[in-house]
Amino acid sequence: MSALLLTEIDHVAIAVNDLEAAIAWYQEVFGATVDHRERVDSDGVEEALLKVADSYVQLLTPTRDDSPVAKYLANKGEGLHHIGYRVDDCAVALQAVKDAGGRVIDDAPRPGSRGTTVAFVHPKTSFGTLIELVQE
Ligand code: CO
């Protein structure tokens, strides 16, 4: 058995059509506030992070039609998009996925939001869940 590489749930990402409406709903219903907001042009998304203990709910909306999140919304509608697992070393965790025969989206770690380093793992070999490995 391998050593545990996942240290925490970093975020649960939810794809939404209307970011403002989703933020307002989380505020009104749960009293949640936006801790961080960022437009990531390389991914074609705008995100709002709502802090829940040491993790986040990440509300995600596309900023252009060819963004993967836009395609996701068109095909599947709003809902759970991916889970971000916090790791100490993104490269080590990504290599562990590859060594196990897992399919990856990012062949090497790359910059994510909040100054993090991230890599995405394809849902095909991870039981239908898009996984993001997040190194702070
Ligand atoms: Co994410």
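We count ligands from 1, going down the list as the structure has it; atoms in each ligand are counted the same way. What you see below is based on every heavy atom in this structure, not just the backbone, and it leaves out hydrogens, waters and symmetry mates. Since we're looking at a predicted model, the values are computed, not measured.
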Taking side-chain hydrogen bond (donor to acceptor under 3.5 Å, both in side chains) as the cut-off, I'd like each qualifying pair that reaches into residues 13-25, sequence neighbours left out, listed once. Glu20-Arg37

Heteroatoms of the protein, restricted to N/O/S, which lie under 2.8 Å from the Co ion (ligand 1):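 Near the Co ion (ligand 1), below 2.8 Å, one finds His11 NE2, His82 NE2, Glu132 OE1.
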
With sequence neighbours excluded, residues passing side chain to side chain contact (heavy atoms under 4.5 Å, CB included) with Leu80: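 Val12, Ile14.
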
[X] bridged to [Y] by N-O distance under 4.0 Å:
X: Asp35; Y: Lys51; answer: no
X: Asp107; Y: Lys98; answer: yes
X: Arg64; Y: Asp43; answer: no

Side-chain hydrophobic cluster, 4.5 Å single linkage: members besides Val45: Val40, Leu60, Val69, Leu73

